Visitor: 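Before anything else, here's the structure in question.
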Amino acid sequence: MDKHCIQTEKVYDWVTAPLQFTKCLTISFVDDVLMDEVCGNFTLTNDSRELLWQSLLAEPVTGTIVLTLKQGDLSDLSIFINGEKINSGTGKTFSRTVRGFQNIEVVRTGDGILKGKYCLDLNYILPQGQEELPLDCECYTCFLTDGCCRKSDLTSIVCREIGQRKEVPVLLPSGETFILHEVTLCKEGCLGVKLPNGCVCVCAFSQIEKLLLCAPPGTSIQCEVTRFTCSVQMITKIKHCLCLEMLIDICQSVKVIYPATIAVTAQECEPRPPSDSISCPNQAENN
């Protein structure tokens with residue numbers, strides 16, 4: 001028997017650690033923002049009042065107002081936005097961006113003719129004309145995905161060590177103090193949620209945890225996710241958005257390893273001869 005050297009991995013620590021956390025996904029059911037431009041002229045005389053624009057929609061409108069006077073001064077003009085009087089200042093031009101824009105009126109204060117032009121850049125956000133989704137959690141399916149709506153397996157979860165290790169003294173039942181190391185691990189992956197209408201929404205998750213391990217300098221961490229489950233636990237509706245809260249359970253195997261070379265006493269093996277009359281040619285016959 002001869003001695004042979006074998007390269008292997010020395011295991012300093014090995015734990016199976018459960019990890020549970022929640023992830024929130026917000027689904028918005030709105031069309032693309034619609035844009036419009038409205039321009040016009042107005043003429044006011046002697047305390048006259050004119051409604052320049054009014055929204056007939058229940059949905060919010062965002063708008064930028066630019067009002068330019070051709071005759072007169074802003075000090076002689078009162079501007080009302082959503083029924084509230086706005087300080088228009090002086091000069092010839094007034095500009096303002098308004099959220100929740102509903103209407104704009106102008107009033108001539110004093111005598112004489114006042115002429116001007118207005119332009120409104122409007123953005124509308126309209127709800128989709130589709131059936132509302134139910135609030136029953138059982139109607140939603142959560143699963144691992146590769147980020148492109150395709151179902152994936154446990155290997156799609158990336159587990160890596162981040163940050164610096166920290167020594168932590170631990171008191172053993174015997175009264176001895178043993179030094180362990182606080183190791184920070186990060187889990188990253190993508191979740192897919194299938195909606196009752198057949199659509200699939202995808203969101204990324206990233207979860208950080210700390211483990212106490214025997215991990216002296218020079219060792220490396222091997223982290224493998226062995227089990228994954230995901231379920232929708234709660235659904236909240238806020239206007240045109242659904243907020244889904246998902247519970248994620250992960251089981252993982254975490255090893256602390258170090259490359260090592262060991263010597264073993266063993267005898268080299270050779271393949272036994274075949275049991276039938278057909279055999280493989282040797283190297284010389286192949287040439």
Side-chain angles (χ1 to χ4, degrees), residues 23-135 147-149 190 192-193 195-204 235-245:
K23 171 67 180 179
C24 290
L25 170 64
T26 301
I27 305 171
S28 177
F29 298 99
V30 295
D31 287 327
D32 293 336
V33 175
L34 302 179
M35 294 179 289
D36 195 9
E37 183 178 14
V38 178
C39 293
N41 299 306
F42 61 90
T43 300
L44 301 172
T45 59
N46 300 344
D47 297 325
S48 60
R49 187 184 191 106
E50 184 174 344
L51 177 65
L52 301 183
W53 177 85
Q54 182 174 7
S55 174
L56 300 178
L57 301 174
E59 305 305 324
V61 177
T62 300
T64 298
I65 306 161
V66 178
L67 191 150
T68 305
L69 295 182
K70 300 178 182 178
Q71 183 176 332
D73 191 272
L74 287 174
S75 60
D76 300 320
L77 182 70
S78 294
I79 301 174
F80 292 83
I81 298 176
N82 298 343
E84 181 182 351
K85 185 176 180 180
I86 304 299
N87 181 15
S88 57
T90 60
K92 297 289 187 180
T93 302
F94 170 83
S95 178
R96 180 72 59 88
T97 297
V98 182
R99 293 185 177 181
F101 191 23
Q102 296 173 344
N103 57 64
I104 178 171
E105 294 178 280
V106 288
V107 178
R108 171 73 168 97
T109 56
D111 300 328
I113 298 176
L114 191 149
K115 295 182 179 180
K117 178 181 179 180
Y118 66 93
C119 280
L120 311 176
D121 288 323
L122 305 172
N123 295 326
Y124 306 87
I125 301 178
L126 302 178
Q128 291 181 339
Q130 65 178 10
E131 185 177 333
E132 289 192 3
L133 294 177
L135 301 181
C148 297
C149 298
C190 285
V193 179
L195 309 184
N197 60 7
C199 295
V200 176
C201 295
V202 175
C203 66
I235 302 175
T236 306
K237 183 178 180 183
I238 305 175
K239 292 186 178 181
H240 304 299
C241 296
L242 284 184
C243 297
L244 277 61
E245 185 170 339

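The structure displayed is predicted, hence computed values, not measured ones.
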Visitor: State, to 0.1 Å, how close I235 and P134 come at their nearest heavy-atom pair, and which atoms those are.
Guide: CD1-O, 4.3 Å

Visitor: From E37 CD over to L120 CG, what is the distance, rounded to the nearest 0.5 angstrom?
Guide: 9.0 Å

Visitor: Tell me the closest heavy-atom pair linking L122 and G63, and the distance in Å.
Guide: CD2-CA, 3.9 Å

Visitor: Let me confirm one number: the CG-CG distance from N197 to L133, rounded to the nearest 0.5 Å.
Guide: 5.0 Å

Visitor: Could you grab the distance from atom OG1 of T62 to atom CG of N123, nearest 0.5 Å is fine?
Guide: 6.0 Å

Visitor: Any sub-3.5 Å donor-acceptor pair from S88's side-chain atoms to L77's backbone N or O?
Guide: yes

Visitor: What pairs with D73 under side chain to side chain contact (heavy atoms under 4.5 Å, CB included), at least two apart in sequence or on another chain?
Guide: S75, D76, T90

Visitor: Name every donor-acceptor pair, under 3.5 Å, that has one atom in a side chain of residues 101-108 and the other anywhere in the protein, sequence neighbours excluded.
Guide:
from: N103; atom 1: OD1; to: N82; atom 2: N; distance (Å): 3.3
from: E105; atom 1: OE1; to: R49; atom 2: NH2; distance (Å): 3.4
from: E105; atom 1: OE2; to: R49; atom 2: NE; distance (Å): 3.1
from: R108; atom 1: NE; to: G112; atom 2: O; distance (Å): 3.3
from: R108; atom 1: NH2; to: D111; atom 2: O; distance (Å): 2.1

Visitor: Who pairs with K117 by side chain to side chain donor-acceptor pair (under 3.5 Å), at least two apart in sequence or on another chain?
Guide: none

Visitor: I'd like to check the side chain to side chain contact (heavy atoms under 4.5 Å, CB included) partners of C243; sequence neighbours left out, ordered by chain and number.
Guide: T26, T236, I238

Visitor: For atom CD of Q54, is the number of surrounding heavy atoms from other residues, nucleotides or ligands below 6.0 Å larger than 12?
Guide: yes

Visitor: Indicate yes or no for a side-chain donor-acceptor contact from K115 to the backbone of N41 under 3.5 Å, with no hydrogens or angles considered.
Guide: no

Visitor: Is there side-chain contact between L135 and L242, with heavy atoms separated by less than 4.5 Å?
Guide: yes

Visitor: Under 4.5 Å between any side-chain heavy atoms of W53 and V61, yes or no?
Guide: yes

Visitor: Would you mind writing out the side-chain donor-acceptor pairs for residues 91-98 within the sub-3.5 Å range, not counting sequence neighbours?
Guide:
from: K92; atom 1: NZ; to: G72; atom 2: O; distance (Å): 2.6
from: T97; atom 1: OG1; to: T64; atom 2: OG1; distance (Å): 3.1

Visitor: Any disulfide bond (SG atoms under 2.5 Å apart) involving residues 35-67? Give me the pairs, sequence neighbours left out, ordered by first then second residue.
Guide: C39-C119

